[in-house]
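For reference, the structure discussed in these notes is given below.
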Amino acid sequence: MRIARFSIDGNVAFGAVEGEAPPGSTEGLVLDIIKGIPFADFELSGTKVPLNKVRLLPPVLPNKIVGIGRNYADHARELGNEIPDTPVAFFKPSTSVCGPGDPVEYPSFSQEVHYEAELAVVIGRMCREVPRERVADVILGYTCANDVTARDVQKRENQWSRAKGFDTSCPLGPWVETDIDLARAADLTVQCTVNGEQRQLGRTADMIRPIEDLIVHITEAMTLLPGDVILTGTPAGVGPLNVGDEVAVTIEGIGTLTNKVIKRG
């Protein structure tokens, strides 16, 4: 099931996305409004609205976003970094989240902002110290993410909070796909285009550490809450974004997340 969060006539709701559409299009898709929330038992209301009549919002509002750096060997090498012995975790605040079609605001303190296409894991239940064999039980589904990064700031400062945590630096969407299991999630195509030109093309099979290892590692230290998001790393091919660019992240079996870069007002 594809679960979207949307607004219509000033009201916010979740809905199940039905129908098929060409990549990057919403034509022909409808939303069956959900009675309840996707993190508990819910029902489909049977009330349907065309998806192109609503505004899609970030599919979840996470309490926290846990990013994993340097989880693809080729990406680590392209930036001149060693492959880490353990997962490199960092946080993006909830205020960094924006949704499909929302602008990414180029921060005033950076001169080099990069795209990073990533598979995002959406947590479905509160969990801590999750054993590897129970990882599937705590996952609601998967969505597309762009870990937008102020690369010059990341290089200049000894920690990544400002470089990866500025407002609008975490586009998520267009929805959460719940029908992908761990085996399939372990080998999905991840693609990024800028102004229609392909910049990244990789597969989650190239991750150094799989999703199971990441969730075990993270939950050894902290409790994850429903709606929290884990960014699993980006393949090689990262590069600069400029004001006016349209950046799109497409992940096999999920969909396409598109955002335009604007100057921060």
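Not measured: the values here are computed from a predicted model.
At a threshold of 4.5 Å between non-hydrogen side-chain atoms, the residues F6 and L51 do not count as touching. Between L31 and K53, the closest side-chain pair of non-hydrogen atoms is not below 4.5 Å. Side-chain atoms of V229 and V60, non-hydrogen and from C-beta on, do get closer than 4.5 Å to each other. The closest side-chain heavy-atom distance from R209 to I68 is not below 4.5 Å. Between Q200 and Y72 there is no side-chain heavy-atom pair separated by less than 4.5 Å. At least one side-chain heavy atom of P62 sits under 4.5 Å from a side-chain heavy atom of V97. Looking at heavy atoms from C-beta onward, P171 lies in side-chain contact with V148 at the 4.5 angstrom threshold. Looking at heavy atoms from C-beta onward, P226 lies in side-chain contact with M126 at the 4.5 angstrom threshold.
Shown here is E133, whose CD atom has more than 12 heavy atoms of other residues, nucleotides or ligands within 6.0 Å. Remark: K64 NZ is packed, more than 12 non-hydrogen atoms of other residues, nucleotides or ligands lying under 6.0 Å away. Other residues, nucleotides and ligands place more than 12 heavy atoms under 6.0 Å from the CZ atom of R264. The number of heavy-atom neighbours closer than 6.0 Å to CZ of R128, taken from other residues, nucleotides and ligands shown, is 12 or below. Atom CD of E27 has 12 or fewer heavy atoms from other residues, nucleotides or ligands within 6.0 Å. Within 6.0 Å of CD on E157 lie more than 12 heavy atoms contributed by other residues, nucleotides or ligands.
For P240 against D245, the heavy-atom pair with the smallest separation is O-OD2, 4.5 Å. Across all their heavy atoms, P107 and F166 have their closest contact at CD-CE1, 3.7 Å. Taking both residues in full, the closest heavy atoms of E82 and A76 are given as O-CB, 4.3 Å, listed atom of the first, atom of the second, then distance. Scanning all heavy atoms of the two residues, the minimum distance from P100 to P174 falls at CG-CA, 3.9 Å. Summarising the geometry of T234 relative to A117, their closest heavy-atom pair is OG1-O, 2.8 Å, with the distance given to 0.1 Å. A185 and I180 make their closest contact through N-CG2, 3.6 Å (heavy atoms, listed as atom of the first residue, atom of the second, distance).
Follow the hydrophobic side-chain contacts under 4.5 Å out from Y142 and you never reach I65; the two are in separate clusters. Note: the hydrophobic cluster containing Y106 does not contain W160 (ILVMFWY, side chain heavy atoms under 4.5 Å, direct or indirect links). In the hydrophobic clustering of ILVMFWY residues, with side-chain heavy atoms under 4.5 Å counting as a link, L182 and V138 come out together. A continuous path of Ile, Leu, Val, Met, Phe, Trp and Tyr side chains, each step under 4.5 Å between heavy atoms, connects F14 with L140, placing both in one hydrophobic cluster. Each of I262 and Y115 belongs to its own hydrophobic cluster when Ile, Leu, Val, Met, Phe, Trp and Tyr are linked at side-chain heavy-atom distances under 4.5 angstrom.
Of the possible donor and acceptor atoms, one in the side chain of E177 sits under 3.5 Å from a partner among the backbone N and O of D179. In terms of modelled atom types and a separation under 3.5 Å, the side chain of T250 and the main chain of Q191 share no donor-acceptor contact. The main-chain N or O of L188 is found under 3.5 Å from a side-chain atom of T204 such that the two form a donor-acceptor pair. Judged by distance alone, with hydrogens and angles left aside, the side-chain atoms of T143 form no donor-acceptor pair with the main-chain N or O of L172 at under 3.5 Å. With N146 contributing its side chain and A248 its backbone, the two residues share no donor-acceptor pair below 3.5 Å. Between the side chain of D32 and the main chain of G46, a donor-acceptor pair closer than 3.5 Å is present. Side chain of T168 to main chain of C98: no donor-acceptor pair is present (N/O by atom type, distance under 3.5 Å, no hydrogens or angles). Distance alone, capped at 3.5 Å, is enough to place a donor-acceptor pair between the T219 side chain and the V130 backbone. Listed for the N71 side chain is a donor-acceptor partner under 3.5 Å among the backbone atoms of T232. Remark: side-chain polar atoms of N259 are paired, donor with acceptor, to backbone N or O of D102 under 3.5 angstrom.
Tested against I3 for a side-chain contact (heavy atoms from CB on, under 4.5 Å), the candidates V17, I37, T178 yield a single pass: T178.
D228 contributes atom CG, which lies 8.0 Å from atom SG of C127 (distance to the nearest 0.5 angstrom). If you take CD1 on I211 and CG on L119, they are separated by 5.0 Å, rounding to the nearest 0.5 Å. Taking CD1 of I251 as the reference point, atom SG of C144 lies at 4.0 Å (rounded to 0.5 Å). To the nearest 0.5 angstrom, W175 atom CH2 is 13.5 Å from L57 atom CG. The CZ atom of R2 lies 11.5 Å from the CD1 atom of I254; values are rounded to the nearest 0.5 Å. With values rounded to the nearest 0.5 angstrom, R134 atom CZ is found 14.0 Å from E212 atom CD.
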Practice task
Please step through side chain to side chain contact (heavy atoms under 4.5 Å, CB included) for the pair V104 and V113, ending with a clear verdict.
Solution key: CA-CA 10 Å; V104 170; V113 171; 5.6 Å; no

Practice task
Quick one: do D74 and D206 satisfy side chain to side chain contact (heavy atoms under 4.5 Å, CB included)? Show the steps, please.
Solution key: CA-CA 9 Å; D74 287 347; D206 296 326; over 6 Å; no

Practice task
Test T258 against V247 for side chain to side chain contact (heavy atoms under 4.5 Å, CB included), laying out the working first.
Solution key: CA-CA 6 Å; T258 303; V247 57; over 6 Å; no

Practice task
Output, in order, the C-alpha distance, side-chain angles, deciding distance and verdict of salt bridge (Lys or Arg N to Asp or Glu O under 4.0 Å) for R184 and D181.
Solution key: CA-CA 5 Å; R184 187 178 175 204; D181 61 18; over 6 Å; no

Practice task
Check the pair M222 / F91 against side chain to side chain contact (heavy atoms under 4.5 Å, CB included), numbers first and verdict last.
Solution key: CA-CA 12 Å; M222 70 192 72; F91 290 109; 3.6 Å; yes

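Between K155 and D152 no salt bridge is recorded (no basic side-chain N to carboxylate O distance below 4.0 Å). Comment: K92 engages D147 in a salt bridge, judged by a side-chain N to carboxylate O separation of less than 4.0 angstrom. Salt-bridge formation is detected for the pair E116/K164: a Lys NZ or Arg NE/NH1/NH2 atom is positioned less than 4.0 Å from an Asp or Glu carboxylate oxygen. Salt-bridge annotation for R203 and E252: present, with a side-chain N of the basic residue lying under 4.0 Å from a carboxylate O of the acidic one.
Taking the centre and axis of the six-membered ring of F109, the NZ or CZ atom of R162 falls inside the cone set by 45° and 6.0 Å.
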